[in-house]
**Student:** 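Structure in structure tokens, see below.
Chain naming here is simple, since letters A, B, ... match the order of the sequence lines and numbering starts at 1 in each.
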Protein chains: 2
Amino acid sequence: MEKKLTITDIANIAQVAKSTVSRYLNGGPVSTKTREKIDKVVIENNYQPNTFAQSLKQKVNHTVGVIVPRLDSTAQVEMLRGLDAANKNDTFLIVNTYQSIERELAAIEKLRTQNVGGLIVLTANLNDELRAALADFDAPVVIQGQEEPSFHRVVMNDLASGTIVGEFAASLSPKNVLLLKIDETKDWAIGHDRFLNIQKRLSSTHITVVNSNFSIAEAKVVAQKAMQSQTFDLIIGATDRITIGALQAGLAMHQNAQYIGFGKSDLSTTVTPNLTSFEYDFYQTGKQIYKLFRMVRDNKPLNKIRIVIDGQLTIRDSTKK
Amino acid sequence: MEKKLTITDIANIAQVAKSTVSRYLNGGPVSTKTREKIDKVVIENNYQPNTFAQSLKQKVNHTVGVIVPRLDSTAQVEMLRGLDAANKNDTFLIVNTYQSIERELAAIEKLRTQNVGGLIVLTANLNDELRAALADFDAPVVIQGQEEPSFHRVVMNDLASGTIVGEFAASLSPKNVLLLKIDETKDWAIGHDRFLNIQKRLSSTHITVVNSNFSIAEAKVVAQKAMQSQTFDLIIGATDRITIGALQAGLAMHQNAQYIGFGKSDLSTTVTPNLTSFEYDFYQTGKQIYKLFRMVRDNKPLNKIRIVIDGQLTIRDSTKK
DNA sequence: TTGTAGGCGTTATCAC
DNA sequence: GTGATAACGCCTACAA
């Protein structure tokens, strides 16, 4: 816990100029003899360069802010894992905004004052204010989750997913369907796109649509209420968690429905019955996001880039009667 | 996205010396007239001071590294939320180590080179190497989760919890008990302390002890295997997730047991039946950790400080026959 | 109250 | 290959 040594200190100890030490540290040309001298001193004193001084010079900041709406979500955590896996030499500053717009704005502002070298916004759900704040940001920005033409983005192909799920759902010939979705003003991709084609494919079936939030508990309450007046034979939830809430409601209300979820949580295979679910690979998505970010930072493309991630339907017990 | 303005730039524009601008920025004495001049320029140009240059002088680094073994855990995320809530003006650098010792060592090393102003290690599970690395760290370190006398720490009172759970379990007069725990070499607090007094209180009952990891899936597999040769009427899992895995195994194997978990996940109240669980308030724990960290950083106490968090048993349907 | 002149630790440029 | 020396952007005596 002694005070940190500087490049000057070890230069003095090793009897060389500090510029030589700097060269040594950065792999510049150094004679074997002096290299050994410096080696010794550096190791003995466990020298660590001062990052601030380095960054002060280098100007390129390798800290990138990652804004995530919540951490208690498999999708988010998997994307973070993907970012980590693809990461070359950046440091991620993860900021949890707890699904609050105000916190998100504050986070952007704080990250700005911290001069992060870029911004990755997961499950971006932008209003005009956020859009403006991000557009103003003086470093590359990549967002994920929503179709925002004015930003570089990685989006899930929710329209196509809906078609696939809708077709599969139709093939089950349900009589009375419950759709548990998210308010589309809160999450357009999930609340609107994901369900658009489901509803189209089931247009000849009786459908009840109810909004929930992302928690199991809320989904259970909402589903239970819907079940008081009707009996459903197919329930599609906007996420696995939501579907699980519905499943528990179904159990409590003794309704014997089939269930379909979205996501790739470990929950789907551990709940009984195992959940049929439309799955996105969020780990790979995270990698893609990082790659896109690097691309944007390095090449500063003129046009906004859009990457689309497809998923696939995995059929499990919850849709086998 | 223009190049950043410096304090010198705005000094030039405002026709004052840069030291005056610096004083202005730091609340030093500035006349109303010049203040207004500078105000104008700063706002118009949306000036942001360079954190690196600032930190280079200030020496006190307000970036705190937070090492967390996993993010897909209610306990961890709640502690992070507590840290956020208690946070005064630090920036947390969250590093997920994915439960890997190597990654944890690497994380410590990386955080060291980043000169973080401190370290908070959640659910610290230390081996000698980690212990050494942390002891060497040239900034305050606070750990959580394990009884490590050589570190400032916040620990859960797992011994007392075990007593409470054990007594309650005994009151259910079970005939055959399954304990699903964690390998004690992997997590002493949970694997050993948490179960020590449970086993004591149930010493006159037939007990089977099996190890699992923290995932629902693994717990289910392990429990199912145990159930092949025996029928249990009480199952106690080391965490809620583990208990839920067991519960699903029980369902699959048509065993009608009672269940007790540990933790405070939203799962316990959404699963059917609702889980009786010994609950710790990890959000408050997170706050405590931050307070302890601040205390340590500011006062540099000579002795290691230990804070103990108690929990409470919440009885729900899973132990009501 | 203001401005001048260092200095924080590092890297980059240039002579040597 | 090496070593002065000048930046980087900010802060802080100190002098004016």
**Student:** May I ask you to decide whether B:Glu78 forms a salt bridge with B:Lys264, counting only side-chain N to carboxylate O separations under 4.0 Å?
**Tutor:**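 Here B:Glu78 does not pair with B:Lys264 in a salt bridge, since their nearest N and O are not under 4.0 Å apart.
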**Student:** Does a side-chain N or O of A:Tyr47 approach OP1 or OP2 of C:dT10 to a distance below 4.0 Å, or not?
**Tutor:**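 Result: yes.
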**Student:** Heavy-atom count check: over 12 atoms from other residues, nucleotides or ligands less than 6.0 Å from A:Glu129 CD?
**Tutor:**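 No, not enclosed.
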**Student:** If you check every side-chain atom of B:Thr34, which of C:dG3, D:dT2, C:dT1 has the closest atom?
**Tutor:**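 Of the candidates, C:dT1 comes closest.
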**Student:** Under 30°, 30 to 60°, or over 60°: which ring-plane class applies to A:Phe52 and B:Phe52, parallel, tilted or perpendicular?
**Tutor:**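 Tilted, since the angle between the ring planes falls between 30° and 60°.
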**Student:** Between A:Asp90 and A:Arg297, is there a side-chain N and carboxylate O pair less than 4.0 Å apart?
**Tutor:**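 Salt bridge between A:Asp90 and A:Arg297, a charged N being under 4.0 Å from a carboxylate O: yes.
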**Student:** It should be established whether B:Thr20 places a side-chain nitrogen or oxygen under 4.0 Å from OP1 or OP2 of nucleotide C:dT2.
**Tutor:**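 The answer is no; no side-chain N or O of B:Thr20 sits under 4.0 Å from OP1 or OP2.
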**Student:** Below the 4.0 Å mark, does C:dT11 have OP1 or OP2 next to a side-chain nitrogen or oxygen of A:Tyr24?
**Tutor:**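 Checking A:Tyr24 against C:dT11: no side-chain N or O falls below 4.0 Å of OP1 or OP2.
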**Student:** OP1 or OP2 of C:dT2 less than 4.0 angstrom from a side-chain nitrogen or oxygen of B:Ser31, does that happen here?
**Tutor:**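 B:Ser31 to C:dT2 OP1/OP2: side-chain N or O found under 4.0 Å.
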**Student:** Side chain of B:Asn50, heavy atoms from C-beta onward: which of D:dC11, D:dG9, C:dT10 has the nearest atom to it?
**Tutor:**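 Closest nucleotide to the B:Asn50 side chain: D:dG9.
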**Student:** Can you tell which of D:dG1, D:dC11, C:dT4 lies closest to the side chain of B:Ala17?
**Tutor:**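 Among D:dG1, D:dC11, C:dT4, the one nearest the side chain of B:Ala17 is C:dT4.
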**Student:** Looking at B:Arg306 and B:Glu147, is any side-chain nitrogen of the basic one under 4.0 Å from a carboxylate oxygen of the acidic one?
**Tutor:**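 Salt bridge: yes.
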**Student:** Can you tell me which nucleotide in D:dG1, D:dG3, D:dC11 comes closest to the side chain of A:Val16?
**Tutor:**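 Comparing D:dG1, D:dG3, D:dC11 against the side chain of A:Val16, the answer is D:dG3.
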**Student:** Please check the phosphate of D:dG9 (OP1 and OP2 only) for any side-chain N or O of B:Gln54 closer than 4.0 Å.
**Tutor:**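 Checking B:Gln54 against D:dG9: no side-chain N or O falls below 4.0 Å of OP1 or OP2.
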**Student:** State which of D:dA4, C:dT10, D:dC10 makes the closest approach to the side chain of A:Ser19.
**Tutor:**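 Between D:dA4, C:dT10, D:dC10, the one nearest the side chain of A:Ser19 would be D:dA4.
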**Student:** Of the listed nucleotides (D:dT2, C:dT1, C:dC8), which one gets closest to any side-chain atom of B:Leu56?
**Tutor:**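 The answer is C:dC8.
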**Student:** Return the nearest nucleotide to the side chain of A:Asn26; candidates are D:dG3, D:dT12, C:dT11.
**Tutor:**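 Taking heavy atoms from C-beta onward, the closest nucleotide is C:dT11.
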**Student:** Which nucleotide sits closest to the side chain of B:Arg23: D:dC11, C:dT2, D:dG3?
**Tutor:**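 Closest nucleotide among those given: C:dT2.
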**Student:** Name the residue closer to the 5' end of DNA chain C, choosing between B:Ala53 and B:Val30 according to the nucleotide with the nearest heavy atom.
**Tutor:**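 So the residue in question is B:Val30.
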